[in-house]
Amino acid sequence: QLQLVESGGGLVQPGGSLRLSCAVSGVTFDAYGIGWFRQAPGKGREGISCITSAGVVINLADSVVKDRFTISRDNAKNTVYLQMNSLKQEDTAVYYCAMSGGPRCSGYDYWGQGTKVTVSS
């Protein structure tokens with residue numbers, strides 16, 4: 001059965017870094033694009049970045065987030081990562097990964113349970 005499991009969240013100080021992981025199982029991993037999203041308290045879900053099955057990065061967020069967050073994938077480990085640098089308090093959110101409906105980045109049909117990131121001094 002398909003599973004997407006996020007991990008790596010936690011408490012981090014402003015200016016710090018954190019790397020989130022999304023472990024995918026139950027599908028041919030390298031056949032699908034995977035995206036990262038987040039939802040801050042009281043806010044709607046926001047797209048961050050997506051990576052296609054071919055490793056092409058598609059940015060979903062504004063330029064500020066693009067400059068600080070980097071998505072990557074390791075097909076040998078069936079895992080997609082989100083490297084987050086220069087974290088700010090406004091980055092506090094639950095972060096989700098989701099699988100695209102195909103090799104590109106569109107139609108996110110399957111979602112993980114999320115991992116909480118809290119940025120606070």
Side-chain angles (χ1 to χ4, degrees):
Q1 295 182 349
L2 173 65
Q3 290 189 64
L4 297 94
V5 180
E6 302 93 335
S7 62
L11 177 64
V12 63
Q13 294 184 338
S17 298
L18 205 61
R19 188 177 74 163
L20 306 182
S21 298
C22 174
V24 181
S25 61
V27 298
T28 303
F29 175 77
D30 60 4
Y32 296 92
I34 304 292
W36 279 101
F37 301 79
R38 70 182 183 183
Q39 187 166 10
K43 304 294 183 180
R45 188 165 58 199
E46 176 188 17
I48 300 172
S49 186
C50 180
I51 186 165
T52 72
S53 64
V56 178
V57 174
I58 305 297
N59 294 311
L60 305 177
D62 60 32
S63 60
V64 175
V65 176
K66 293 176 185 176
D67 292 338
R68 298 187 293 116
F69 294 2
T70 302
I71 193 171
S72 62
R73 69 189 298 158
D74 186 338
N75 289 342
K77 296 182 178 180
N78 285 13
T79 301
V80 172
Y81 303 97
L82 184 68
Q83 178 67 47
M84 305 186 295
N85 299 323
S86 301
L87 284 164
K88 305 175 180 179
Q89 291 185 13
E90 52 262 43
D91 294 320
T92 295
V94 178
Y95 286 72
Y96 301 88
C97 64
M99 190 178 76
S100 174
R104 303 182 186 275
C105 292
S106 63
Y108 304 95
D109 297 322
Y110 300 96
W111 297 77
Q113 82 289 347
T115 184
K116 175 68 175 180
V117 173
T118 301
V119 184
S120 177
S121 59

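From a predicted model like this one, the values you see are computed outputs, not experimental measurements.
- Summarising the geometry, atom CZ belonging to R38 is positioned 9.0 Å from atom OG1 belonging to T92; distances are rounded to the nearest 0.5 Å.
- Put simply, Y81 and L87 are part of two different groups of oily side chains (I, L, V, M, F, W, Y) that touch within less than 4.5 Å, one to the next.
- The pair R73-D30 does not count as a salt bridge, with every side-chain nitrogen at least 4.0 angstrom from each carboxylate oxygen.
- Neither L20 nor V94 shares a network with the other; the hydrophobic side chains, linked directly or stepwise wherever heavy atoms of I, L, V, M, F, W or Y lie under 4.5 Å apart, form separate groups for each.
- Nearest heavy atom pair, residue S100 against residue S106, reads OG-O, 2.6 Å.
- Looking at V119 and P14, their side chains come closer than 4.5 Å, going by heavy atoms from C-beta outward.
- Considering only heavy atoms from C-beta on, V12 stays 4.5 Å or farther from M84 through its side chain.
- Atom CE of M99 sits about 10.0 Å away from atom SG of C22, to the nearest 0.5 Å.
- Although no hydrogens or angles enter the test, the distance criterion places a donor-acceptor pair under 3.5 Å between the side chain of D74 and the main chain of A76.
- At a threshold of 4.5 Å between non-hydrogen side-chain atoms, the residues Y95 and I48 count as touching.
- Atom NZ of K77 sits in a sparse spot, with 12 or fewer heavy atoms from other residues, nucleotides or ligands closer than 6.0 Å.
- Side-chain N or O atoms of Q113 include none that pairs as donor or acceptor with a backbone N or O of V5 at under 3.5 Å.
- Separation of atoms OG (S49) and CG (L60) is listed at 6.0 Å; rounding is to 0.5 Å.
- Taken to the nearest 0.5 Å, the CG atom of L82 stands 11.0 Å off from the CD atom of E6.
- Contact between Q83 and S17 at its shortest, heavy atoms only, is NE2-CB, 3.9 Å.
- In the hydrophobic clustering of ILVMFWY residues, with side-chain heavy atoms under 4.5 Å counting as a link, L18 and L11 come out apart.
- Surrounding CD of Q3 are at most 12 heavy atoms belonging to other residues, nucleotides or ligands under 6.0 Å away.
- Ring to ring, W111 and F37 are close: their centroids are under 6.0 angstrom apart.
- The main-chain N or O of G33 is never found under 3.5 Å from a side-chain atom of T52 such that the two would form a donor-acceptor pair.
- To the nearest 0.5 Å, atoms SG (C97) and CD1 (I34) are separated by 6.5 Å.
- Y108 and I58 fall within a single hydrophobic cluster, where Ile, Leu, Val, Met, Phe, Trp and Tyr are joined by side-chain heavy atoms under 4.5 Å apart, directly or via other members.
- F69 and Y96 fall into different hydrophobic clusters, where Ile, Leu, Val, Met, Phe, Trp and Tyr side chains are chained together by heavy-atom contacts under 4.5 Å.
- In this structure, CD in Q89 is found 11.0 Å from OG1 in T118, a value given to the nearest 0.5 Å.
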